[in-house]
Engineer: 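Got a structure here, written out as structure tokens. Questions coming.
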Amino acid sequence: MKSVFKGEHDLDIIDDLRKIVIDSINQLVKEHKKSELLNLESIVIEIPKGSIRGDYSTNAAMIIAKDFSLSPKDIGEELKNILMRSKLIDTVSLEGPGFLNIILNESIWTQLLSNILLITTRYGKLDLGQKRKVNVEFVSANPTGPLHIGHVRGAIFGDALSRLLEYTGFIVTKEYYVNDGGAQIDVLGRTLYHRYLELQGDTADLPDEAYPGDYLVPVATALYEKYGDSLITMGVEERHALVCDFAILEMMQLIKNDLKSLGISMDNYFSEKMMIDSGQIDRAIRILEKKNLIYQGVLEAPKGKLQEDWKSREQILFKSTQFGDDMDRPIKKSDGSWTYFAPDLAYHGDKLKRKYDLIVDVLGADHSGYVKRIEAVVKALSSSPVDFKVKLIQLVRLLKNKKPLKMSKRSGDYIMIDDLLKDVSSDVIRFVMLSRKNDVPLDFDVDLILDKSKDNPVFYVNYAHARIHSILSKASQSGLWSEAMNKLEMGTTGSFNSQEIMILIKLSEWPNIIRQATRYQEPHRISYYLYELSSLFHSLYQSGEKDDPYKFIILENKVLSLQRLCLAKSIQIVIKNGLQVLGIVPLKEMY
RNA sequence: GGCCCCGUAGCUCAGCUGGAUAGAGCAACUGACUUCUAAUCAGUAGGUCGUACGUUCGAAUCGUACCGGGGUCACCA
């Protein structure tokens, strides 16, 4: 019987082990003359925690017990006997309610290290996407001002998710929906014109509805440089259109700069205005009309708290309740103009036309009430079921000295991204933003980040990376190590201590972490993994501090030394791969 | 009132696609710097996994109800 591990493929021990278990089960199925297919989806290979003996464990026996009408212990015993035949498996023990604890043949660890050293950046780079097309829409902030801290989390999440999907073989389009067609643009235009008049001596106060903050002042200067005072005598409508267009261009430039400084580049900026002008809304609505999903009707008044200005009125509605929404949704205002929903409806229709296999919307949690109607649109407009996911990003609670920091929209005292980046690198911000699951609120303490940045876990991870770099360069000086060295011929003692094996098991988990993070679209799993891996490394490193035999560089034992250095290098490779998926630059030194 | 998210150690959170003795960080306490980088490590202490019922061999994880916190329920965007 040929070893599964001996193929030329990149090593993915957990997945391979799972295949061995499944093969063994299929063999049992034959032996027991069972013909029906078993549901093997929930069979998992796990890394047991605590003091349980075993490199890996599987719940297989407990899952299949029913199908065989046997107890988990009995079927587990049979499964164990088959598993024991595999050359890769050293021992299998049946424990607890029916877990099979597996210890692999120790030669696997040398193979794992050779494999990681050989394929480096490719280790963990699974082809899960197989060139399927994905659209990830994120940020999509209104082009009425620069990005502030509230936008950062969604921006970084969307970018990291996109990187992850690209890493795993998807073809990703990172897209920004530019709301350049709505009423807020009129306000923007009027505010800019006000600033423009100020330049020419007009001392009127900023109107209440105008955008606060002085970021439009330089834009007004640019406007003046281009047009002089000719705007004042221009026709109102012509002037307003011109000012608005100018403002949008400038605002998008600000936003693009902010994104760039966070390491984010979009593939596509989708203009709402251009879409409206090309008549796409009408077309999308005509499709819905054909499906009988548009009607004139009256909505019931909202229940619960009384809405003072509520008036019953007949409107053009989209029958989103047919797809699970709570109420049908209006698409036109009483003045005949579109609601916000109408262009967004057409926009998702446009995404569908572009034939993506997966469409992801990254939205702020304050849009949670909006999710169902968008899902309804996607269902209504697509001819075949499409994989559509909305990822809601919870708010960032901004703290200063552990106290909530109020940001007032009126005074315009938002913390802007470029302010933040003056004091702290985008890498640090990235790691913090990715250190929580997307649907949990995140505390972001400005002081903690600014003054005591070493409390940030990204330094912990980077410190491990840098330490390894340092060890390796020291080892190079002693001639024990060189990047050009043929690692496949590395000497190994063939045996590893328990601390090293814990790390090797952790390293073997990396492809699986990538698999899970991709499947659930949860980049934070990578942050946690990297922290844990770094922790194991620091611990191992410290063992060498106390005991010379545990050092990485042991001049009098070149074989052992090389083995340790290969382990260190492998850890470094995985940390580097992980940080790069998160869009963070791995450091070679900390000072 | 409807819908969505959350409730796990003093604090901030992992774990949630059902599995074994529920894990980290911070804070507290004890200890380790003639070094391969102490931005680190070792150890101690800390728990009715919001409550109750249910599903089953087995529940922090799934279901129902309730309690508590947040968000959202416009012709806003």
Side-chain angles (χ1 to χ4, degrees), chain A residues 41-42 44 46 48-52 57 59 62-63 65-66 71-72 95-99 101 142 144 179 182-185 299 302-305 307 309-311 313 315 325-327 330-341 343-344 364-372 390 392 394-395 397 402 435-443 445 448 452-457 459-460 462-464 466-475 478 516 519-520 524-525 527-528 531-532 534-535 537-546 548 550-554 561 564-565 568 589-591:
Chain A
E41 277 299 299
S42 44
V44 291
E46 292 173 315
K49 44 193 165 179
S51 54
I52 294 155
S57 94
N59 59 353
M62 293 177 289
I63 300 292
K66 243 179 208 163
S71 74
E95 284 161 49
F99 286 98
N101 293 331
N142 287 337
T144 55
N179 278 156
Q184 79 280 4
I185 295 302
L299 286 175
K303 288 172 186 162
K305 65 168 182 189
Q307 307 260 329
D309 53 350
W310 171 262
K311 275 182 212 157
R313 89 168 45 84
Q315 302 171 290
D325 200 0
D326 309 318
M327 56 188 275
I331 52 180
K332 268 197 181 176
K333 302 182 200 171
S334 56
D335 65 1
S337 64
W338 300 115
T339 62
Y340 173 80
F341 178 51
D344 210 12
D366 53 341
H367 286 67
S368 64
Y370 197 68
V371 173
K372 282 189 178 176
V390 177
L392 287 179
Q394 272 292 347
L395 295 180
R397 276 188 306 231
K402 302 196 172 179
S435 65
R436 291 278 177 272
K437 206 166 134 187
N438 55 287
D439 55 12
V440 166
L442 177 101
D443 286 343
D445 195 314
L448 217 63
K452 294 169 66 187
S453 54
K454 55 187 162 185
D455 282 346
N456 192 297
F459 287 89
Y460 186 82
N462 253 327
Y463 187 40
R467 260 185 164 172
I468 293 170
H469 179 81
S470 166
I471 292 169
L472 293 177
S473 44
K474 271 253 162 60
S478 335
Q516 305 287 333
R519 179 190 293 176
Y520 301 116
H524 77 279
R525 290 168 186 257
S527 315
Y528 276 93
Y531 190 89
E532 288 162 9
S534 301
S535 172
F537 167 75
H538 284 308
S539 178
L540 180 66
Y541 179 93
Q542 214 68 216
S543 304
E545 293 286 286
K546 284 187 187 139
D548 275 1
Y550 286 95
K551 283 190 188 302
F552 288 87
I553 295 172
I554 309 164
S561 189
R564 293 247 169 91
L565 292 167
E589 50 187 19
M590 295 309 286
Y591 335 94

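The analysis underlying the following values was restricted to heavy atoms, covering all of them including side chains, and did not include hydrogens, waters or symmetry mates.
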Engineer: With distance as the sole test, does A/Asn59 use its side chain to make a donor-acceptor pair with the main-chain N or O of A/Ser42 at under 3.5 Å?
Structural biologist: yes

Engineer: Just call it for A/Ala568: base, sugar-phosphate, or nothing, with non-hydrogen atoms closer than 4.0 Å on any strand.
Structural biologist: nothing

Engineer: Applying a 4.0 Å non-hydrogen cut-off, can you work out what A/Pro97 is touching in the nucleic acid: base, sugar-phosphate, or nothing?
Structural biologist: base

Engineer: Can you tell me how far C1' in B/A45 sits from the matching atom in B/G2, rounded to whole Å?
Structural biologist: 46 Å

Engineer: Have a look at A/Asn438 and say if it touches a base, only the backbone sugar-phosphate, or nothing, with a 4.0 Å heavy-atom cut-off.
Structural biologist: nothing

Engineer: Measure the distance from OH on A/Tyr528 to P on B/G23 and round it to the nearest whole Å.
Structural biologist: 16 Å

Engineer: Is a side-chain N or O of A/Asn462 found less than 3.5 angstrom from the main chain of A/Met590, in a donor-acceptor match?
Structural biologist: no

Engineer: Taking B/U51 as the reference, what is the distance to B/C57 when you measure between their P atoms (whole Å, please)?
Structural biologist: 25 Å

Engineer: Just checking A/Ser539: base, sugar-phosphate only, or nothing, at a heavy-atom cut-off of under 4.0 Å?
Structural biologist: sugar-phosphate

Engineer: Is there a side-chain polar atom (N or O) of A/Arg397 under 4.0 Å from OP1 or OP2 of B/C11?
Structural biologist: no

Engineer: The criterion is side chain to side chain contact (heavy atoms under 4.5 Å, CB included); which residues satisfy it with A/Ser539, sequence neighbours excluded?
Structural biologist: A/Gln499

Engineer: Quickly work out the A/Asn59 CG to B/U61 P distance and round it to whole Å.
Structural biologist: 18 Å

Engineer: Rounding to an integer number of angstrom, what distance separates B/G10 and B/G46 when you compare their P atoms?
Structural biologist: 11 Å

Engineer: Please check the phosphate of B/U37 (OP1 and OP2 only) for any side-chain N or O of A/Lys474 closer than 4.0 Å.
Structural biologist: yes

Engineer: Please report the distance, rounded to the nearest Å, between CG in A/Asp325 and C1' in B/G2.
Structural biologist: 11 Å

Engineer: I want to verify a distance call: between B/U37, B/C41, B/A77, whose nearest atom is closest to the A/His538 side chain?
Structural biologist: B/C41

Engineer: Is it the case that the side chain of A/Asn101 and the backbone of A/Ser57 share a donor-acceptor pair, with hydrogens and angles ignored and the cut-off at 3.5 Å?
Structural biologist: no

Engineer: Could you tell me how far apart A/Asp335 (CG) and B/C76 (C1') are, to the nearest whole angstrom?
Structural biologist: 13 Å

Engineer: Write down the distance separating the C1' atoms in B/U37 and B/G23, rounded off to the nearest Å.
Structural biologist: 29 Å

Engineer: Residues two or more places apart in sequence or in another chain: which of them pass salt bridge (charged side-chain N to carboxylate O under 4.0 Å, His left out) with A/Asp335?
Structural biologist: none

Engineer: Partners of A/Arg519 by side chain to side chain contact (heavy atoms under 4.5 Å, CB included), sequence neighbours excluded?
Structural biologist: none

Engineer: Describe the nucleic acid contact of A/Tyr541 in one word from base, sugar-phosphate, nothing, applying a heavy-atom distance below 4.0 Å.
Structural biologist: base

Engineer: Mind checking the C1' distance from B/U30 to B/G68? Whole angstroms is fine.
Structural biologist: 38 Å

Engineer: Give A/Thr339 one of three labels, base, sugar-phosphate or nothing, depending on what nucleic acid heavy atoms sit under 4.0 Å from its own.
Structural biologist: sugar-phosphate

Engineer: Return the CZ to CD1 distance between A/Arg564 and A/Ile471, rounded to the nearest 0.5 Å.
Structural biologist: 11.0 Å

Engineer: Would you mind telling me which of B/C57, B/C41, B/A39 lies closest to the side-chain atoms of A/Gln542?
Structural biologist: B/C41

Engineer: Between B/A42 and A/Ser543, is there an OP1 or OP2 to side-chain N/O distance shorter than 4.0 Å?
Structural biologist: no

Engineer: Is it the case that B/A20 (base atoms only) and A/Asn101 (side chain only) share a donor and an acceptor within less than 3.5 Å, ignoring hydrogens and angles?
Structural biologist: yes

Engineer: Any protein N or O atoms within reach of nucleotides 3-8 of chain B? Criterion: under 3.5 Å, listing atom names and distances.
Structural biologist:
unit_1, atom_1, unit_2, atom_2, d
B/C3, O3', A/Lys372, NZ, 3.4
B/C5, O2', A/Asp439, O, 2.8

Engineer: Taking the minimum atom-to-atom distance to the side chain of A/Asp443, which one of B/C13, B/U37, B/C57 wins?
Structural biologist: B/C13

Engineer: Which of the following nucleotides, B/A39, B/C13, B/A77, is nearest to the side chain of A/Tyr463?
Structural biologist: B/A39

Engineer: Looking for any heavy atom pair under 4.0 Å, which part of the strands does A/Gly182 touch: base, sugar-phosphate only, or nothing?
Structural biologist: nothing

Engineer: For B/A14, take OP1 and OP2 only and decide whether either is under 4.0 Å from a side-chain N or O of A/Lys49.
Structural biologist: no

Engineer: Think A/Tyr340 has a side-chain N or O under 4.0 angstrom from the OP1 or OP2 of B/A77?
Structural biologist: no

Engineer: Which value, in whole Å, describes the distance between the P atoms of nucleotides B/C53 and B/G15?
Structural biologist: 28 Å

Engineer: Can you tell me the distance, in whole Å, between the CZ atom of A/Arg436 and the C1' atom of B/G70?
Structural biologist: 17 Å

Engineer: Counting distance only, does the side-chain N/O of A/Ser473 pair as donor-acceptor with the main-chain N or O of A/His469 below 3.5 Å?
Structural biologist: yes

Engineer: Please measure how far the P atom in B/C41 lies from the corresponding atom in B/C49, and state the result in whole Å.
Structural biologist: 30 Å

Engineer: Can a donor-acceptor pair be found, under 3.5 Å and without considering hydrogens, that links the side chain of A/Tyr528 to the backbone of A/Ser435?
Structural biologist: yes

Engineer: Nearest-Å distance, CZ (A/Arg525) to P (B/A14)?
Structural biologist: 11 Å

Engineer: Could you check whether any side-chain N or O of A/His538 sits under 3.5 Å from a backbone N or O of A/Tyr463, counting only pairs where one atom can act as donor and the other as acceptor?
Structural biologist: no

Engineer: Evaluate the side-chain contact (heavy atoms from CB on, under 4.5 Å) criterion for residues A/Gln394 and A/Val440: first the C-alpha distance (whole Å), next the side-chain angles of each, then the deciding distance (0.1 Å), finally the verdict.
Structural biologist: CA-CA 6 Å; A/Gln394 272 292 347; A/Val440 166; 5.6 Å; no

Engineer: According to side chain to side chain contact (heavy atoms under 4.5 Å, CB included), who are the partners of A/Met327, at least two apart in sequence or on a separate chain?
Structural biologist: A/Leu299, A/Arg329

Engineer: Is there a side-chain polar atom (N or O) of A/His524 under 4.0 Å from OP1 or OP2 of B/A24?
Structural biologist: no

Engineer: Tell me which nucleotide among B/C41, B/A77, B/A20 gets nearest to the side chain of A/Tyr460.
Structural biologist: B/C41

Engineer: Could you check whether A/Glu532 gets within reach of a base, just the sugar-phosphate, or nothing at all, counting any heavy atom under 4.0 Å?
Structural biologist: nothing

Engineer: Just to be sure I understand: a Watson-Crick pair is purine N1 to pyrimidine N3 plus N6-O4 or O6-N4, both under 3.5 Å. Using that and G-U wobbles, which stems of three or more pairs involve RNA chain B?
Structural biologist: B:1-7 with B:67-73, B:10-13 with B:23-26, B:28-32 with B:40-44, B:50-54 with B:62-66

Engineer: Using the C1' atom as the reference point in each nucleotide, state the distance between B/G31 and B/C36 in Å, no decimals.
Structural biologist: 23 Å

Engineer: To the nearest 0.5 Å, what is the distance between CG on A/Asp344 and CD1 on A/Ile331?
Structural biologist: 13.0 Å

Engineer: Measuring to OP1 and OP2 of B/C13, would you say a side-chain N or O of A/Tyr531 lies under 4.0 angstrom away?
Structural biologist: no

